[in-house]
Number of protein chains: 2
Amino acid sequence: MARPQEFDTAEALHKAMGVFWRKGYEATSLVDLLEATGLSKSSLYGTFGGKRELFLAAFDSYREERTRDMGQILNQGSAREAIETFFRTIIDVARASEFSRGCMSINQAVELAPHDPEIQGRVEEDFQRIEDALTYTIKRGQADGSVRSNKDARELARLFVVAFPGLQVMMRAGGNKPRLDDALRLILSNLD
Amino acid sequence: MARPQEFDTAEALHKAMGVFWRKGYEATSLVDLLEATGLSKSSLYGTFGGKRELFLAAFDSYREERTRDMGQILNQGSAREAIETFFRTIIDVARASEFSRGCMSINQAVELAPHDPEIQGRVEEDFQRIEDALTYTIKRGQADGSVRSNKDARELARLFVVAFPGLQVMMRAGGNKPRLDDALRLILSNLD
DNA sequence: ATTATACTGGACCAATCGGTCCTCAACTCG
DNA sequence: CGAGTTGAGGACCGATTGGTCCAGTATAAT
């Protein structure tokens with residue numbers, strides 16, 4: 001019978017995710033990860049396999065969480081409000097914290113995706129997921145009348161998919177309030 | 001009388017800029033820079049001071065070049081066409097090369113700006129510059145009739161400033177053609 | 001020729017990197 | 001109790017990192 005594990009794997013993964021989200025992959029060292037998780041090297045390697053494996057697990061965990069969150073927000077209330085809530089949440093969450101992490105998928109679109117097909121595949125999946133969810137929500141809005149624009153739902157969704165990394169990057173870089181508020185208002189006006 | 005320098009400083013800087021643009025700061029090693037520039041360590045340190053100093057010089061050089069390019073594009077022809085050309089160029093340049101580097105300022109908005117006030121200042125400056133240039137061009141378009149929208153020029157410009165990193169990030173991550181083309185068409189339609 | 005000066009090549013350096021390995025620890029089962 | 005198994009701590013490792021330093025080089029001036 002083996003010695004029981006002292007730490008909670010999911011919690012350690014969540015801590016690691018926070019570090020990778022904030023610092024990116026290259027700038028995150030093993031010492032950073034050990035400190036954040038409270039694990040010893042042996043425990044970390046034994047459980048996750050290595051830095052890259054831990055990163056992939058953390059990234060996938062992040063993506064699942066965000067997919068779930070997005071689904072919840074976009075399925076609540078009128079479609080128009082849901083889309084607005086989704087985008088305002090980007091800004092509100094970032095403004096509520098001292099350090100703006102942006103979105104891990106967008107960060108990786110810039111850092112690793114250009115050089116690493118495995119990451120690029122995941123990022124492209126995320127973009128596709130956001131596009132599909134927004135397309136569906138816009139169609140819902142065109143049906144319920146909350147989205148007044150009668151342009152093609154997928155085309156509208158694609159505009160919002162481009163706006164998403166735009167907003168995330170600007171928030172991560174420090175976020176000038178009037179610019180973002182004006183931009184978001186105009187972006188959303190495309191639904192009207 | 002000193003021994004004359006064998007290499008061209010501007011050319012070495014340009015080579016270094018290319019590496020930093022493609023790989024980012026952390027993932028670029030001294031060996032990468034020495035290979036790209038053809039310099040020895042002593043020459044590199046003697047001329048530029050160190051990795052960070054070289055990076056800052058390269059980044060500033062990049063920003064000056066892009067500012068000039070943007071000015072040229074936005075000052076040519078009707079305002080509406082100029083803005084469209086500016087944004088289509090993002091996509092065309094990326095599609096013409098095997099490796100899509102995106103935009104160094106946007107890449108640094110994600111990589112270093114959140115942790116490094118000196119970089120963050122430069123990135124914010126770049127965003128402001130783009131916003132000012134677009135505001136001016138939109139006003140020009142509203143005066144010459146090529147921009148039919150009568151919304152506030154600065155507000156419109158802010159929408160485009162958010163779209164800019166959105167497009168750059170998506171191109172760097174691999175760029176799905178229909179999504180980008182649809183998104184760009186809709187973004188530009190805000191001028192009509 | 002010598003001197004002074006900056007340039008070049010590359011050896012050397014301490015610190016850090018991600019990963020391996022060894023020993024001891026914690027547990028159940030027979 | 002001993003055996004078997006996985007977990008934990010941390011020493012050890014070779015490679016890499018950014019930076020320093022030393023000896024030789026190239027040039028003009030005296």
Side-chain angles (χ1 to χ4, degrees), chain A residues 1-61 104 107-108 111-112 115-116 118-119, chain B residues 1-61 104 107-108 111-112 115-116 118-119:
Chain A
M1 181 60 186
R3 173 180 176 172
Q5 194 173 277
E6 290 176 10
F7 60 90
D8 181 84
T9 302
E11 184 175 2
L13 185 64
H14 198 259
K15 291 291 173 63
M17 179 177 84
V19 182
F20 283 125
W21 188 353
R22 201 172 70 250
K23 302 185 83 165
Y25 181 77
E26 291 286 339
T28 298
S29 66
L30 249 306
V31 172
D32 293 331
L33 293 167
L34 299 181
E35 283 174 358
T37 57
L39 301 199
S40 70
K41 272 202 192 177
S42 303
S43 297
L44 190 144
Y45 277 87
T47 305
F48 299 109
K51 184 183 178 184
R52 184 182 167 87
E53 287 89 332
L54 175 57
F55 173 79
L56 288 175
F59 189 32
D60 286 343
S61 178
M104 200 171 166
N107 299 345
Q108 291 313 311
E111 191 195 358
L112 296 179
H115 313 270
D116 186 329
E118 212 173 350
I119 304 298
Chain B
M1 179 60 185
R3 172 180 174 172
Q5 197 173 276
E6 290 175 10
F7 61 90
D8 180 85
T9 302
E11 184 176 0
L13 184 64
H14 198 259
K15 291 291 174 64
M17 179 178 83
V19 182
F20 282 126
W21 186 355
R22 202 172 70 249
K23 304 186 82 167
Y25 181 77
E26 290 286 341
T28 298
S29 66
L30 250 306
V31 173
D32 293 330
L33 293 167
L34 299 181
E35 282 173 1
T37 57
L39 301 200
S40 70
K41 272 202 194 178
S42 302
S43 297
L44 190 144
Y45 277 88
T47 305
F48 298 108
K51 184 182 177 185
R52 181 179 169 88
E53 285 89 334
L54 175 57
F55 174 78
L56 287 175
F59 189 33
D60 286 342
S61 178
M104 200 169 165
N107 300 343
Q108 290 313 313
E111 188 191 2
L112 296 178
H115 313 270
D116 187 329
E118 213 172 349
I119 304 298

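Chain letters run A, B, ... following the sequence lines, proteins first and then strands; every chain starts at 1.
- Between the CG atom of Leu30(B) and the P atom of dG18(D) there is a distance of 5 Å, rounded to whole Å.
- Taking all atoms of both residues into account, the shortest heavy-atom contact from Thr28(B) to Lys51(B) is O-NZ, 2.7 Å.
- With hydrogens and angles left out, the side chain of Lys51(B) and the base of dG19(D) share no donor-acceptor pair within 3.5 Å.
- What separates CZ of Arg3(B) from C1' of dT25(D) is a distance of 5 Å, to the nearest Å.
- Glu6(A) places its CD atom 8 Å from the C1' atom of dA26(C), with the value rounded to the nearest Å.
- In this structure, Glu35(B) places its CD atom 16 Å from C1' of dG9(C), rounding to the nearest Å.
- For Lys41(B) against dG9(C), a side-chain-to-base donor-acceptor contact under 3.5 Å is absent.
- Between the P atom of dC12(C) and the OH atom of Tyr45(B) lies a distance of 18 Å, rounded to the nearest Å.
- If you check every strand for non-hydrogen atoms under 4.0 Å, Ser42(A) touches a base.
- Atom CD in Gln5(B) sits about 14 Å away from atom C1' in dT5(C), given to the nearest Å.
- Whole-Å rounding puts the Leu34(A) CG to dT16(C) P distance at 15 Å.
- Here Gly46(A) lies out of heavy-atom contact (under 4.0 Å) with every strand.
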